[in-house]
Protein chains: 2
Amino acid sequence: MRNPTIRDVAREAGVGIGTVSRVLSGSPLVAETTRAHVWDVARRLAYHPSSAARALPRGRSHVLEIIVPLFTRFFSIEVIRGIEEALARSDYSLVIRSVEDPGERNRVFREARRPGQVDGGLLVSLTPTRPLVAHFRTAGLPLVLIDVEYSTLPSVTVDHEAAARLAVQHLIGLGHERIALVGRAEDPFTLDVPDARQRGYLAALQEAGIQPRPEYQRTTDYSPEAGNAAMERLLALKRPPTAVFCASDAQALGVLEAARRRGRLVPEDVAVVGYNDVEVAQYLGLTTVRIPMRAMGQRGAELLLRTLEEPERPPDHIRLAAELVVRRTSGSLPGQRNQRSAAQDIA
Amino acid sequence: MRNPTIRDVAREAGVGIGTVSRVLSGSPLVAETTRAHVWDVARRLAYHPSSAARALPRGRSHVLEIIVPLFTRFFSIEVIRGIEEALARSDYSLVIRSVEDPGERNRVFREARRPGQVDGGLLVSLTPTRPLVAHFRTAGLPLVLIDVEYSTLPSVTVDHEAAARLAVQHLIGLGHERIALVGRAEDPFTLDVPDARQRGYLAALQEAGIQPRPEYQRTTDYSPEAGNAAMERLLALKRPPTAVFCASDAQALGVLEAARRRGRLVPEDVAVVGYNDVEVAQYLGLTTVRIPMRAMGQRGAELLLRTLEEPERPPDHIRLAAELVVRRTSGSLPGQRNQRSAAQDIA
DNA sequence: TTGTAGGCGTTATCAG
DNA sequence: CTGATAACGCCTACAA
């Protein structure tokens, strides 16, 4: 009934518990025959070491903590999934902590598990506070950042500025000059001002010698509703833009909807480019910038694992590339019959 | 540098470790003054008990395990989120295990944490196997099911049959008689044959005295692409349906797209109803059945917590109500401008 | 190469 | 009410 302990295995195998322990932890100081025998017995008894008991003398829990904002957001989910994939074969468990609103952030940071509870942390899209960094440092626990940079900590990021520039360059390449930005409102979770996507947008315009216009730049939060409202404003201008670059696919959805309601054809009257490449983007034919979310999670987890093995290793700063995915809403190549997207007819 | 241990607190407070332990666990057998003093010292030293050390004599880890299929699916995410909300104030941690394909299921079940690793489990949309149930039973660990029923285990479910009937009744109420079903293919994760939604569909037709037609019933998996293909087939019939009920919003998306491509107006030529009420449904104006996913998670977690405190408690079987959300794709009532009309309760 | 013993931080029991 | 002290299951010197 009770789980077998290491002692049971030792007795059953006729060896000392030290030997069993060595076999299980793969120590080379065991005779080959002994090892085989012990393994046999352990398997037969269905022995599984208690992680709590193991954590005690080792001083390590084999648990990793990840702190992520807005758990239900597609971006977060994908990153988490990537982390899980990387951790799957590593016998580390993952504890996920979600920060649902900015006020919660400091509380969660403060409650970040004490050493012994957790062996390391992963911070996603969240700028670390000084105390948090100090906490992990003095505790000797590795902390890895995803989608955020910090000089002394390992990180995995995407160059959002370059990604945004890519998108806007694409629009310029199609001949657009009146290009609007539906950017994001100040992100309450990170401190990245001005926003990287906006910087990329401006850079692309400048490269092409296009004068940016303030009335073409709107910032809203990441929702279809907000995108919708922003687009309404843009379309109400005397010279409305012929193309719109959105800081998220969610906003782009709203932009498409507004265009439809105002009778504008996409991409004939107005081209739309989103950001992230969420699932529905492909389905709606939305041209967008693909952010390698899952890969970000994977690489971050790998970085953490590596730092765990080699604590003194200087922090890596990995930067992944985003790619532009051209679909129908930006009216790619001439001669290609553009389908109107589903979103437009439904509503 | 090292974390303070209970011994440090005891020494600093000038008491025995037993007393500190009692104070911290809220035992009433401590003098009020002693208690206050010990708390003070503990706070001052920033003492945090080691969960590993605590787990050892207690035989409980304070970790709960949740096994969920297809982690990235909206349904799973929402349920998990509900669970987290319920657990947030309970100092239990959550370890999430995802089953990404049916082959993985048994492996994950087999690896279900041994007692001592975990204090209980939550199974989402996954029919438990005999061995799994036995495993938890003999280990004396509570296991709660979400979105699945099993006589001897507590569960939280939604009556999918009633929910589906509701949707189809709505269509019938609008005057439709040629109503198609885009159902789900056999679910590799659960064993629910015939599918509850299909049963509900058939029941609603029968109640209304409508003869079900085999050619109106298509089963596909939960993807827009599959829904799209199914709709193409339906539209190719000599007498195509005037309404389609889909077993998921994902399929409904594809159905809408197919209708658009074939030049059918929604809802004038064909009405469409989805299932789940995913985020984008509201945005696309999709009439659908709202499944209380988050609430399912919450209630499930609460059930688990309760069983943890009271192990002998007979299993509760909680059944939550789904509601119909009428939006544009079913063309509600003439003149009625409401996006969401009165939600109707079921069950 | 292997067995033994001490210790990891708590809880729980049992005398005081 | 409170303070020792024996587990809890495992790891790791250390001794053999």
Side-chain angles (χ1 to χ4, degrees), chain A residues 1-39 41-42 45-63 91 113-119 139-140, chain B residues 1-39 41-42 45-63 91 113-119 139-140:
Chain A
M1 193 84 297
R2 214 183 76 270
N3 279 327
T5 73
I6 197 172
R7 239 178 300 267
D8 298 322
V9 178
R11 183 165 16 79
E12 188 73 12
V15 302
I17 63 170
T19 301
V20 177
S21 175
R22 273 177 291 249
V23 170
L24 266 52
S25 54
S27 156
L29 309 83
V30 194
E32 195 43 55
T33 49
T34 315
R35 176 196 314 288
H37 181 217
V38 169
W39 265 117
V41 174
L45 298 186
Y47 168 74
H48 288 269
S50 145
S51 51
R54 189 171 257 187
L56 212 36
R58 279 192 185 170
R60 291 167 143 264
S61 63
H62 257 64
V63 173
D91 83 322
R113 293 287 199 300
R114 309 303 164 190
Q117 308 273 69
V118 127
D119 293 350
Chain B
M1 195 83 299
R2 213 183 76 270
N3 280 328
T5 74
I6 198 173
R7 240 179 298 266
D8 298 322
V9 178
R11 185 165 14 79
E12 189 73 11
V15 301
I17 63 172
T19 301
V20 177
S21 177
R22 273 177 292 248
V23 169
L24 266 51
S25 55
S27 156
L29 309 83
V30 194
E32 195 42 58
T33 50
T34 315
R35 175 197 315 287
H37 180 216
V38 169
W39 264 117
V41 174
L45 298 185
Y47 167 73
H48 288 269
S50 145
S51 51
R54 191 169 254 186
L56 209 37
R58 277 191 186 171
R60 294 168 140 264
S61 63
H62 257 64
V63 173
D91 83 323
R113 293 289 200 296
R114 308 303 163 189
Q117 308 273 67
V118 127
D119 293 349

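Computed from heavy atoms alone, side chains included, the values below leave out hydrogens, waters and symmetry copies.
- Following rounding to the nearest Å, B:His62 (NE2) and C:dT10 (P) show an atom-to-atom distance of 15 Å.
- Just one of B:Leu24, B:Asp8, B:Val41 meets the side-chain contact (heavy atoms from CB on, under 4.5 Å) condition when paired with B:Tyr47; it is B:Leu24.
- The distance from atom CZ of B:Arg60 to atom P of C:dA12 is 11 Å, rounded to the nearest whole Å.
- Panel note: side chain A:Thr34, backbone A:Val30; no donor-acceptor pair is recorded below 3.5 Å.
- The side chain of A:Pro57 lies closest to D:dC11, out of C:dG9, D:dC11, C:dC14.
- Side-chain nitrogen and oxygen atoms of B:Arg58 include at least one within less than 4.0 Å of the OP1 or OP2 phosphate oxygen of C:dT11.
- Distance CD (B:Gln117) to P (D:dC8): 18 Å, rounded to an integer number of Å.
- Between A:Ser50 atom OG and B:Gln117 atom CD the span is 6.0 Å, to the nearest 0.5 Å.
- For A:Thr19, a side-chain nitrogen or oxygen approaches OP1 or OP2 of C:dG3 to under 4.0 Å.
- A straight line from CZ of A:Arg22 to C1' of C:dG3 spans 8 Å, rounded to a whole angstrom.
- Residue A:Ser21 places at least one side-chain N or O under 4.0 Å from the OP1 or OP2 atom of D:dC11.
- The separation between B:Leu56 atom CG and D:dC10 atom C1' is 8 Å, rounded to whole Å.
- We find that CZ of B:Arg11 is positioned 13 Å from P of D:dA4, with the value rounded to whole Å.
- Following rounding to the nearest Å, B:Ile6 (CD1) and C:dG7 (P) show an atom-to-atom distance of 19 Å.
- Residues passing the side-chain hydrogen bond (donor to acceptor under 3.5 Å, both in side chains) test with B:Ser61 are B:Asp119, sequence neighbours excluded.
- One finds a side-chain N or O of B:Thr34 lying less than 4.0 angstrom from the OP1 or OP2 phosphate oxygen of D:dT2.
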